[in-house]
Amino acid sequence: MGIVVGAYYGSREAVGWPHRTSLLAAGGSALGAGLLKEMHDRSKIGNRFSEADMIFNVVGTGMGIGVVLGLRES
C-alpha cells in the first residue's frame with residue numbers, strides 16, 4: 001500500500017505525470033516489487049514462491065489505489 005501511495009505522489013508531483021499514468025505506474029510498481037520478492041524467495045534453497053503472499057500484494061496494491069482515489073476525491 002505504501003509503495004502505491006509513494007509512487008503515485010512521487011510521479012504525480014515530482015515528475016508531473018497525469019493522474020491515470022501515475023496510478024497505473026504506482027500499481028504496477030507495487031505488484032512488480034511483490035513479484036520480484038517472491039521470485040527472489042523462490043530462488044533460495046528450501047524456499048518457495050508464496051501464492052498467499054502474492055494475494056496480499058494484490059490486496060495491498062488495491063488498498064493503496066483506494067487510498068489515492070479517496071484522497072483525490074477529498
Side-chain angles (χ1 to χ4, degrees):
M1 183 173 89
I3 292 173
V4 173
V5 174
Y8 173 81
Y9 284 102
S11 63
R12 181 89 171 119
E13 301 300 322
V15 181
W17 288 355
H19 165 72
R20 182 172 292 186
T21 303
S22 295
L23 195 58
L24 289 172
S29 295
L31 290 175
L35 180 61
L36 286 174
K37 168 69 169 74
E38 290 309 313
M39 297 299 284
H40 174 72
D41 288 350
R42 187 182 78 163
S43 71
K44 293 182 177 181
I45 294 173
N47 226 340
R48 63 180 184 81
F49 185 97
S50 174
E51 291 84 10
D53 284 355
M54 278 307 299
I55 289 170
F56 280 103
N57 290 333
V58 170
V59 169
T61 298
M63 289 174 61
I65 289 170
V67 166
V68 167
L69 294 175
L71 290 173
R72 191 165 186 262
E73 295 291 321
S74 59

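Looking at residues two or more places apart in sequence or on another chain, you find a side-chain contact (heavy atoms from CB on, under 4.5 Å) between L24 and R20. With sequence neighbours left out, Y9 forms a side-chain contact (heavy atoms from CB on, under 4.5 Å) with V5, E13, V68, L71. In terms of the side chain to side chain donor-acceptor pair (under 3.5 Å) criterion, T61 has no residue partners (sequence neighbours excluded). In this structure, N47 has no side chain to side chain donor-acceptor pair (under 3.5 Å) partners at least two apart in sequence or on a different chain. In terms of the salt bridge (charged side-chain N to carboxylate O under 4.0 Å, His left out) criterion, residue partners of E51 (sequence neighbours excluded) are, by chain and number, R48.
The shortest distance between side-chain heavy atoms of L69 and L23 falls below 4.5 Å. Counting heavy atoms from C-beta outward, M1 and V4 have side chains that stay 4.5 Å or more apart.
Y8 approaches H19 most closely through the heavy-atom pair OH-ND1, 2.8 Å.
The environment of CZ in F56 is sparse: at most 12 heavy-atom neighbours from other residues, nucleotides or ligands sit within 6.0 Å.
At a threshold of 4.5 Å between side-chain heavy atoms, the hydrophobic network of Ile, Leu, Val, Met, Phe, Trp and Tyr places V59 and V67 in one connected group.
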Donor-acceptor pairs under 3.5 angstrom involving side-chain atoms of residues 25-45: please list them, not counting sequence neighbours.
{"residue": "S29", "atom": "OG", "partner": "A25", "partner atom": "O", "Å": "2.7"}
{"residue": "K37", "atom": "NZ", "partner": "D41", "partner atom": "OD1", "Å": "2.9"}
{"residue": "K37", "atom": "NZ", "partner": "D41", "partner atom": "OD2", "Å": "2.7"}
{"residue": "E38", "atom": "OE1", "partner": "S50", "partner atom": "N", "Å": "3.0"}
{"residue": "S43", "atom": "OG", "partner": "H40", "partner atom": "O", "Å": "2.6"}

